[in-house]
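Read the structure below first, then the notes.
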Amino acid sequence: MFIETTRLIRAALQAVTGEEDVLIADGGEHADLASTVAFPLAKKRRAPPASIAAELASRLAPTLAPHGIAVEATGPYLNFRFGPPYFAGAIRAALAPGYGAGEPQEARVVLEHTSANPNGPLHVGHIRNSIIGDTLARAFRKAGYPTEVQYYVNDMGRQIAIVVWGMEHLGFEPDAGEKPDHFIARVYVEANRRIEADPAITAEIDGLMQRVEALDPATVRAFRNVVARCLDGFRETLGDLATPHDRFVWESDFLRNGDMERVLSRLSRLPVAHQEEVFYLDLSGAGIENRYVLRRSDGTSVYAARDLAYHLWKGRNFDRVIDVLGADHKLIGAQLQATLSLIGELPPEIVHFEFVSLPEGSMSTRAGTFIAADDLIAETRRRAFEEVTVRRPELPEEERRAIAQSVALAAIRYDIIRISPEKSTVFDWKTALDFERQSGPYIQYAHARACSILEKAGGFTETFAAESPYEQALVRQIAKFPAVVAQAVAELRPHLVATYARELADLFNTFYHYEPVLRAEGEMRDARLTLVLAAQNTLREALGTLGIDALRSM
RNA sequence: GGGCCUGUGGCUUAGUCCGGAUAGAGCGCCGGGCUUCUAACCCGGAUGCCGGGGGUUCGAAUCCCUCCAGGCCCGCCA
């Protein structure tokens, strides 16, 4: 309803002013929508903006009044206020299953996220990638785009070679119940320690790298074995976070199927290509001064070369390619985009997120200084279970366990997604474990309250009206949901959905506090129940877009 | 040294791309509200030279310049 009404007002304003950009802005407390076109018109017409606004208001009124929209000039501002038809339409729309969804789109989207090196468990930095990527994927699907989510498995990297070396020389065995990715990290950390102590080992690592590139069967098997073990651990963590992938694409496939050699030979014919001791591209034409090295002097390829082949493949099978990458990948991301553009292939759209660090400094798998996502999940679940047990002691343990699991997921996902990706953060246990206000559980709670009312209400006649300021404020927010989804997708900013959902919960709670629903009578009871149903459905859809369970009871 | 990102009450942050009407929230602090639909809630109060300086504009947290501070990058790692 918000999108349609905004469109209507924009068209009316364009017709009346003859301006293309009619400067529509949020009306704040003054109005539902406002326009500041009177300012530029004042300059053009050499008349005071306030009198222009007044004149426009009187000319707009006849077209907008039939839609129940009031126009008023307040000084130079044009203020639009929505009336009963808007509220009724918004409530009705919000009752539909899947509310917020956009029109089905043609463009097929491939979205890559997480893609962490399989040399140790996912930590709280990696899961920022997972959660941003997954929320974005959910938003894309909600907005109507067929979307495939991929994990790019780096199974040829030096880090993996180090793990393979460690497996063969350290004789480590997993502890009882130890997750495979945690075991791999133990091997990786110790192997790195040995390499530091004995630089001769580096040559052995180089040998492994060369043999895997030459597709030596035993070496390929060894690499694949450690990667698969680590990935099993990742899948469990990603499952706990509800950030699933549709497909795991293995880097080495692009070596094996010849794609990488094909793209390298294609690039070698470019004027920007240079074959000296290494093969590299000079991208200074695109404003990138660093050499883009694609082949080492020993002839082996680097990650970037395989990544180019991967992106070429994605670009040919999808209409939009989106990557979620850490800020440390900004340079290599720009090089990738520039190179693909250069050869007329579809470059990826890249969403970068800044780093998560610990109070004592940055996280490092190699140094073993990180908070594993698994530990965060376990601790958050433990705290949530404590909390549920205090609040709902009467529930059977199994049910409390299930609620705690959903609450923990909500707390973790919301704590991460609420922050703009471009902001670097310091991980803080206190806010991660906070289940109040500006948190995922807070939004879940508003939804559970709505469900509780509806459960007790019994049957009622759907009635579409919002009388009080609290009801109207709630409907205004409900009406904006489809616009928020569309905006999050258009701007690749999934955190907009998080902000929206929290504001929706705020408004529902305020309404809940001031307006009795079950104790209201007649049409007012029906209208409020219908509004609660609309709010409940919108909260559920918003939570779903955030990958958070909409609990009916908690 | 060069490039990218960030700087908003004690702390965490929305708003910045697309300039408008008294800069929104949460935590913490002070004070209220549970015989009433789930208090993981609600209400009120104190707390802001929107990093500093300059500029553009009728109007700047938002645009431009500059300086300062923090993060990241500048590998034949990924």
Side-chain angles (χ1 to χ4, degrees), chain A residues 21 23-31 34-36 39 42-43 49 74-77 79 115-117 119 154 156-160 206 251 277-280 287-291 293-304 306-307 326-332 334 352-355 357 362 384 387-388 390-392 407 411 418-426 428 430-431 434-446 448-457 491 493 495-496 498-499 502-503 505-506 509-510 512-520 528-529 532 553-554:
Chain A
D21 187 1
L23 302 174
I24 288 177
D26 185 77
E29 326 157 17
H30 309 278
S35 167
T36 55
F39 287 108
K43 193 165 282 182
T74 307
Y77 299 95
N79 288 330
S115 300
N117 276 329
N119 62 341
N154 306 148
M156 296 187 63
R158 192 167 196 88
Q159 283 91 333
I160 309 308
D206 289 342
E251 182 182 4
E277 69 281 20
V278 295
F279 174 60
Y280 72 94
I288 301 168
E289 299 304 329
N290 314 62
R291 287 177 168 195
V293 175
L294 299 174
R295 216 194 271 283
R296 301 184 181 95
S297 53
D298 67 2
T300 57
S301 61
V302 297
Y303 168 86
R306 278 102 63 181
D307 205 26
D328 53 338
H329 285 62
K330 277 185 181 176
L331 175 59
I332 201 160
H352 287 290
F353 64 93
E354 292 287 333
F355 264 49
S357 58
S362 59
E387 202 65 38
V388 177
V390 169
R391 293 172 198 277
R392 304 292 299 278
V407 166
R418 54 183 258 269
I419 308 293
S420 309
E422 65 272 15
K423 228 130 185 167
S424 51
T425 65
V426 176
D428 177 14
K430 194 170 156 292
T431 54
D434 184 6
F435 304 146
E436 293 175 5
R437 298 295 284 192
Q438 306 206 342
S439 77
Y442 169 82
I443 303 165
Q444 289 179 303
Y445 187 69
R449 281 174 140 186
C451 288
S452 175
I453 292 177
L454 293 166
E455 202 151 300
K456 290 179 176 150
E491 300 177 7
R493 288 197 303 167
H495 85 279
L496 294 176
T499 304
R502 198 213 76 230
E503 286 170 350
D506 283 345
N509 281 331
T510 306
Y512 178 95
H513 185 74
Y514 285 107
E515 311 282 7
V517 177
L518 297 177
R519 280 178 292 116
R528 286 186 184 163
L529 276 167
V532 171
S553 167
M554 63 188 281

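Below, chains carry the letters A, B, ... as their sequence lines are ordered, and counting in each starts from 1.
- Annotation: of the two residues near RNA chain B, A:His329 and A:Lys430, the 5′-most nearest-nucleotide partner is A:Lys430.
- With distances taken from any side-chain atom of A:Glu251 to the nucleotides B:A78, B:A40, B:A25, the minimum falls on B:A78.
- Residue A:Ala34 is in base contact, counting any heavy-atom pair closer than 4.0 Å across all strands shown.
- With a 3.5 Å ceiling on both atom-pair distances, the Watson-Crick or G-U wobble partner of B:G1 is B:C74.
- Among the atoms of the strands shown, none is found under 4.0 Å from any heavy atom of A:Ala25.
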(request) At under 4.0 Å between heavy atoms, which parts of nucleotides 4-13 of chain B does protein reach? Answer with one letter per nucleotide, 5' to 3': B base, S sugar-phosphate only, - none. (result) SSSS----SS
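- Position along RNA chain B of the nearest nucleotide to A:Leu331 versus A:Leu23 favours A:Leu23 as the more 5'-ward residue.
- Taking atom C1' in both B:C18 and B:U62, one finds a spacing of 10 Å when rounded to whole Å.
- Nucleic acid contact class of A:Tyr442 (heavy atoms, under 4.0 Å, all strands): sugar-phosphate only.
- A:Arg306 comes within 4.0 angstrom of sugar-phosphate atoms only, judged by non-hydrogen atoms across all strands, and of no base.
- For A:Arg391, whose side chain is taken as the heavy atoms from C-beta onward, the closest listed nucleotide among B:A39, B:C77, B:C58 is B:A39.
- A:Arg306 and A:Asn154 are not linked by any side-chain donor-acceptor pair at a separation below 3.5 angstrom, with hydrogens and angles left out of the test.
- A:Gln444 comes within 4.0 angstrom of nothing in the nucleic acid, heavy atoms only.
- The side chain of A:Asp328 lies closest to B:C72 when the candidates are B:G15, B:C72, B:C43.
- Per the stacking criterion (ring centres < 5.5 Å, plane angle < 30°), A:Phe39 does not stack onto the base of B:G59.
- Within 3.5 Å, a donor on the side chain of A:Asn79 pairs with an acceptor on the base of B:A21, or the reverse.
- Within the 4.0 Å cut-off from OP1 or OP2 of B:C41, not a single side-chain nitrogen or oxygen of A:Asn509 is found.
- Among the atoms of the strands shown, none is found under 4.0 Å from any heavy atom of A:Arg295.
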